Enquirer: 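Quick one: the structure is below, questions incoming.
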Amino acid sequence: MLHTMGFDAFGLQAEQYAVQTGQHPATTTYGRIEIFKRQLRRMGLGHDQRRVFATTDPGYYRWTQWIFLQLFNSYYDTQADEGVGRARPIADLIAELDAGQREPDEGANDYDRPWSELDDLQRRVVIDRHRLAYISELPVNWCPGLGTVLANEEVTADGRSERGNFPVFRKPLAQWMLRITAYADRLVADLDHIDWPDKVRTMQKNWIGRSQGAHVDFRVEPSARGSAQAEPITVFTTRPDTLFGATYLVLAPEHPLVAALTAPSWPADVAASWTAGHATPAAAVAAYQQSAAGKTDQDRQGATESKTKTGVFTGSYAVNPVTGARLPVFIADYVLMGYGTGAIMAVPGQDERDWDFAEAFDLPIIRTVAPSEGFEDAGGKAFTGDGPAINSANADLDLNGLGVTEAKAVMIDYLEKIGAGRGAITYRLRDWLFSRQRYWGEPFPIVWDANDLPVALPEDMLPLLLPETNDFSPKSFPPDDVDSDPEPPLGRLTDWVTVELDLGDGPQTYRRETNTMPNWAGSCWYELRYLDPHNAGALVDPAIENYWMGPTADRPLGGVDLYVGGVEHAVLHLLYARFWHKVLFDLGHISSSEPFHRLVNQGYVQAFAYTDVRGAYVPSAEVIEETVDGETRYSHDGNPVNREYGKMGKSLKNVTTPDEMYASYGADTLRLFEMFTGPLEQSRPWDTKAVVGSYRLLQRLWRTVLDERTGQPHVAETEVPEELNRLLHKTIHAVREGYESLRFNSSIARVTELNNAVTLAYPSGGAPRAVAEALVLMVAPLAPHAAEELWSRLGHATSLAWEPFPEADEALLVDDTISVPVQVNGKVRSVLQLPAGADATVMEAAARADLKVLAALEDRAVKRVIAVPGRLINFVV
RNA sequence: GGGGCCGUAGCCCAACGGCAGAGGCAACGGCUUUAGGUGCCGUCCAGUGGGGGUUCGAAUCCCCCCGGCCCUACCA
């Protein structure tokens with residue numbers, strides 16, 4: 001077994017602490033690590049110390065940087081593995097392009113010329129766009145209050161930073177991105193082959209958000225922009241079947257086509273609500289864009305709840321490819337640039353949001369799916385259910401009468417035929433924004449050349465050490481300062497930034513990348529480093545990786561046998577780590593394709609909180625509980641208080657730490673108690689009253705083994721009496737089962753039960769040694785200190801850690817006679833003592849001879865007899 | 001709005017579809033110690049949130065409702 005731990009110590013939290021205390025992050029980080037190590041040691045947690053490291057150790061982040069180079073130097077070959085796709089070295093791509101075997105991926109080549117006609121610089125730009133680590137200039141999450149950009153996963157639903165709770169704005173900035181979207185399908189598919197809680201699998205699936213539908217192209221009326229060359233608007237829809245009901249288009253305010261679509265003037269007789277009172281479309285669009293940009297997603301959400309839709313007309317019209325109808329083009333913030341194409345076809349008849357917008361702007365509504373009976377009479381508006389298509393035919397195509405699924409397929413075929421669209425899959429998942437404008441993180445092993453193109457440092461220059469400085473504070477801004485721009489602290493170290501290197505073309509001047517990696521980088525692969533923590537030549541020796549984590553029959557994709565962690569990592573760490581693991585797998589560095597085979601989410605330790613009559617929280621520690629007339633009451637300073645239940649928090653005045661319990665009862669009691677209060681996976685209240693129970697168990701066990709006054713063992717070197725021996729072996733069996741299934745609370749209960757029986761049978765010592773030793777060994781995993789001491793005093797020279805765990809003798813698990821309940825119509829009427837091996841016939845005969853059973857049967861005819869050997873008999877009358 | 005988990009004695013929690021109770025806390029009685037928020041022995045207590053269904057038999061499986069906790073949310 002390999003059981004260890006490490007310190008994930010780069011990132012915002014560690015840096016903020018350092019800034020607050022005016023110390024260097026390295027000082028505070030390594031200082032805290034020493035404290036944590038002491039605390040963990042004090043608890044007797046048995047991690048393998050030889051494998052402990054911090055993600056901030058240069059010997060570790062050297063390999064984090066190395067993995068980044070792997071990402072930079074590879075691309076996703078979507079054709080590989082029968083279309084599943086696989087990461088491959090970028091050199092392979094270049095070779096194939098040079099050999100004329102393929103052209104660049106769609107969207108990667110902006111030069112209107114094939115690869116063979118591009119110059120070297122253009123080729124580099126095109127190649128850079130294929131990399132798994134690439135620079136993007138799309139809008140990102142900019143958080144002025146933190147002075148850094150953030151990943152989608154670090155922004156809460158209400159548009160604020162998960163850390164610090166500052167507003168987050170969308171802003172176009174050149175940033176490193178990791179192409180996690182290439183792995184979307186595999187990240188979903190492989191969830192079926194790992195043993196994770198359904199909850200976490202569902203969360204990942206929802207986060208990845210695969211949806212199947214179509215891209216539809218809408219031609220823009222040339223008159224709108226005074227040019228015949230208008231670029232079509234491509235929308236994504238999951239309901240191509242409803243295209244006949246599309247009555248307008250909506251673009252996200254940030255959509256790149258908005259400028260081109262903004263007409264010079266309003267058409268005649270434009271509705272007042274469409275213009276928002278502005279004299280020209282340009283003014284209306286500009287005003288709307290500005291107000292949308294200044295809003296956080298939280299403000300947008302406010303509109304969601306009231307269902308009020310806002311937007312403005314661009315003055316342009318597009319053409320519905322199946323009906324030829326003129327569709328006004330709007331911009332509205334209910335359409336998000338980050339999903340699909342950032343543009344939708346609005347079908348108010350089948351979409352509630354579109355219906356709301358259509359009502360607000362007085363736009364036509366055409367039903368293309370017949371609503372269910374009574375739907376409209378009941379005031380139903382948009383009908384999103386299944387039903388036969390209506391109003392859905394033109395000269396070449398007739399969907400009427402088809403169900404939704406069939407109509408979708410027919411429509412996609414038709415769109416492909418007329419060149420107006422195609423089937424498409426989109427994801428909610430975005431590529432992973434990987435730059436942070438922070439000091440305390442892994443520097444990127446990248447330099448920029450005279451062409452302002454990125455160049456990877458060679459592996460032998462790793463690790464690229466984080467430069468020493470006292471000027472590490474982030475440049476943050478007023479939280480609402482949308483116009484601010486990020487300023488990485490490393491950029492201030494001009495001596496470090498400008499560097500002369502010979503990377504093969506002779507000495508040249510380069511500019512170092514000044515962003516750092518996010519805190520997730522280090523925890524993306526630490527499970528691999530534990531396997532081979534001191535390897536200087538590879539992140540992990542392949543043979544060692546295969547030994548510990550390679551695929552087996554039980555773990556078809558390989559991975560760690562058991563990973564215990566909080567559910568809060570479901571769409572952050574656990575998603576990122578799976579992604580990196582798959583990249584390393586694709587590139588042949590490891591044999592497992594999933595990092596963690598079995599995941600268990602431990603429950604949260606929660607706490608009660610108490611409010612007084614005014615609703616103010618009072619300190620939980622001062623609340624008195626009493627039971628009056630069978631009713632439990634809580635009071636504080638003599639005044640009644642109300643009890644709530646939930647997380648611990650300073651504002652709730654219910655935070656407790658285990659320190660006090662440790663001081664009063666010691667590490668073993670604390671460990672035992674924490675495992676005893678309930679199942680590992682279940683959240684439960686931290687209610688310290690009951691801790692004496694665990695304390696007593698250890699005391700009682702102590703007295704079972706030792707004479708309290710002398711400290712000498714008082715066990716007897718005798719055989720275990722048969723009855724006690726049966727209990728012993730049943731206990732061993734149950735305790736094992738409990739440990740194996742992580743139901744530690746049950747195991748402790750069974751140990752307690754056995755010890756109680758021993759105490760009862762041998763009140764003043766003299767318990768058989770075999771029983772005493774088994775008890776000590778069984779409690780050892782949870783109370784190692786006391787167990788070790790007892791083991792030693794029992795006369796053993798070596799640690800019990802080397803002792804095998806007790807094994808149950810199967811023969812002793814079954815009793816000679818068993819009590820078998822006899823039911824009549826499912827109700828227990830009698831209990832018989834029968835030999836353990838009694839078969840159904842014997843059981844029935846015995847039951848029929850039983851007086852209580854006869855009385856219950858009352859001469860009624862027995863219709864049926866269910867006799868389950870070893871369990872029960874049921875007479876159905 | 002969507003999703004997940006959970007409701008069993010005063011409390012925390014057990015119970016392969018088969019006698020509702022393993023263990024602990026609290027309470028009560030006694031013993032011990034009395035400096036005691038100590039130790040020991042014993043006693044006590046629910047019919048499984050509510051309603052329906054499947055079954056010979058349901059805490060357990062299915063459906064609806066109520067309550068708690070957590071996640072997610074204009075995803076086209």
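Reminder, nothing fancy here: chain letters follow the sequence lines and each chain counts from 1. Hydrogens, waters and symmetry mates are skipped; everything else that's a heavy atom, side chains included, is used. Values in this document were obtained by computation on a predicted structure and should not be read as measured data.
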Enquirer: Does Arg700(A) make a side-chain N or O approach to OP1 or OP2 of G23(B) shorter than 4.0 Å?
Expert: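 The answer is no; no side-chain N or O of Arg700(A) sits under 4.0 Å from OP1 or OP2.
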Enquirer: Looking across every strand, which nucleic acid part, if any, lies under 4.0 Å from Leu760(A) by heavy atom: base, sugar-phosphate, or nothing?
Expert: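 The residue Leu760(A) makes sugar-phosphate contact but no base contact.
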Enquirer: Would you find a donor on one side and an acceptor on the other, under 3.5 Å apart, between the side chain of Tyr248(A) and the backbone of Asp354(A)?
Expert: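 Yes, because the side chain of Tyr248(A) sits within donor-acceptor range (under 3.5 Å) of the backbone of Asp354(A).
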Enquirer: If you measure from the C1' atom in A9(B) to the same atom in G24(B), how many Å do you get, rounded?
Expert: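 Nearest-Å result for A9(B) against G24(B) at atom C1': 13 Å.
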Enquirer: Just how far, in rounded Å, is P of A73(B) from CH2 of Trp207(A)?
Expert: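 Whole-Å distance recorded here is 6 Å.
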Enquirer: Describe the nucleic acid contact of Pro763(A) in one word from base, sugar-phosphate, nothing, applying a heavy-atom distance below 4.0 Å.
Expert: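 Contact class for Pro763(A): none.
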Enquirer: For Arg864(A) and C56(B), is the shortest distance between a side-chain N/O and OP1 or OP2 below 4.0 Å?
Expert: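 Affirmative; the distance criterion is met.
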Enquirer: Can you tell me, in whole Å, how much space there is between the C1' of G4(B) and that of A15(B)?
Expert: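 Going atom to atom, C1' in each nucleotide, I get 25 Å.
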Enquirer: Regarding Thr759(A), tell me which of base, sugar-phosphate or nothing describes its non-hydrogen contacts under 4.0 Å with the strands shown.
Expert: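 Sugar-phosphate only.
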Enquirer: Under 4.0 Å, heavy atoms only, any strand: does Asp198(A) hit a base, just the sugar-phosphate, or nothing?
Expert: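 No contact at all - Asp198(A) keeps every heavy atom at 4.0 Å or more from the nucleic acid.
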Enquirer: Between C31(B) and A22(B), how far apart are the P atoms? Round to whole Å, please.
Expert: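 Their P atoms lie roughly 29 Å apart.
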Enquirer: Please state how far atom CH2 in Trp702(A) lies from atom C1' in C40(B), giving the value in whole angstrom units.
Expert: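 Going from Trp702(A) (CH2) to C40(B) (C1'), I get 19 Å.
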Enquirer: In whole angstroms, how far is the P atom of G39(B) from the CG atom of Leu698(A)?
Expert: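 Taking CG of Leu698(A) and P of G39(B), I get 12 Å after rounding.
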Enquirer: Could you please name the partner base of G42(B), counting Watson-Crick and G-U wobble pairs only when both distances are under 3.5 Å?
Expert: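 Partner of G42(B): C28(B).
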Enquirer: Look at the side-chain N and O atoms of Arg696(A) and state whether any lies under 4.0 Å from the OP1 or OP2 oxygen of G39(B).
Expert: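 Yes, such a contact exists.
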Enquirer: Report yes or no: is the cationic atom of Lys309(A) (NZ for Lys, CZ for Arg) under 6.0 Å from the centre of the six-membered ring of Tyr334(A), at an angle within 45° of the ring normal?
Expert: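 Lys309(A) over Tyr334(A) ring: yes.
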Enquirer: Just call it for Gln682(A): base, sugar-phosphate, or nothing, with non-hydrogen atoms closer than 4.0 Å on any strand.
Expert: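 Sugar-phosphate only.
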Enquirer: Has Arg353(A) got a side-chain N or O lying under 4.0 Å from the OP1 or OP2 atom of C75(B)?
Expert: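 Yes, because at least one side-chain N or O of Arg353(A) sits under 4.0 Å from OP1 or OP2 of C75(B).
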Enquirer: How is Ala749(A) classified with respect to the nucleic acid when contacts are heavy atoms under 4.0 Å: base, sugar-phosphate, or nothing?
Expert: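 If one applies the 4.0 Å heavy-atom cut-off, Ala749(A) turns out to touch a base.
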Enquirer: Hey, are Arg750(A) and Glu753(A) close enough for a salt bridge, meaning a charged N less than 4.0 Å from a carboxylate O?
Expert: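 Between Glu753(A) and Arg750(A) there is a salt bridge, with a charged N closer than 4.0 Å to a carboxylate O.
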Enquirer: Under 4.0 Å: is that the gap between some side-chain N or O of Arg743(A) and OP1 or OP2 of A14(B)?
Expert: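 No, because none of the side-chain N or O atoms of Arg743(A) sits under 4.0 Å from OP1 or OP2 of A14(B).
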Enquirer: A73(B) phosphate, OP1 or OP2: any side-chain N/O from Arg428(A) under 4.0 angstrom?
Expert: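 Yes, such a contact exists.
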Enquirer: Looking across every strand, which nucleic acid part, if any, lies under 4.0 Å from Gln823(A) by heavy atom: base, sugar-phosphate, or nothing?
Expert: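 The answer is base, as Gln823(A) lies within the cut-off (heavy atoms under 4.0 Å) of a base atom.
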Enquirer: In Watson-Crick or G-U wobble terms, both distances under 3.5 Å, what is the partner of C69(B)?
Expert: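 Pair assignment: C69(B) / G4(B).
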Enquirer: Would you say A14(B) has OP1 or OP2 under 4.0 Å from some side-chain N or O of Asn745(A)?
Expert: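 Asn745(A) to A14(B) OP1/OP2: side-chain N or O found under 4.0 Å.
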Enquirer: Write down the distance separating the C1' atoms in A59(B) and A14(B), rounded off to the nearest Å.
Expert: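 So the two C1' atoms sit 11 Å from each other.
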Enquirer: If we call it a pair only when both distances are under 3.5 Å in a Watson-Crick or G-U wobble match, what pairs with G57(B)?
Expert: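 None - no nucleotide pairs with G57(B), as no candidate has both distances under 3.5 Å.
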Enquirer: Could you measure between the two C1' atoms, the one in C41(B) and the one in G52(B), and give it in whole Å?
Expert: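 Approximately 48 Å lies between the C1' atom of C41(B) and that of G52(B).
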Enquirer: Classify Asn874(A) by what it touches in the nucleic acid, base, sugar-phosphate, or nothing, heavy-atom distance under 4.0 Å.
Expert: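 Base contact.
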Enquirer: Just confirming the chi classification of G47(B), syn or anti, using 90° around 0 as the syn window.
Expert: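 Syn conformation for G47(B).
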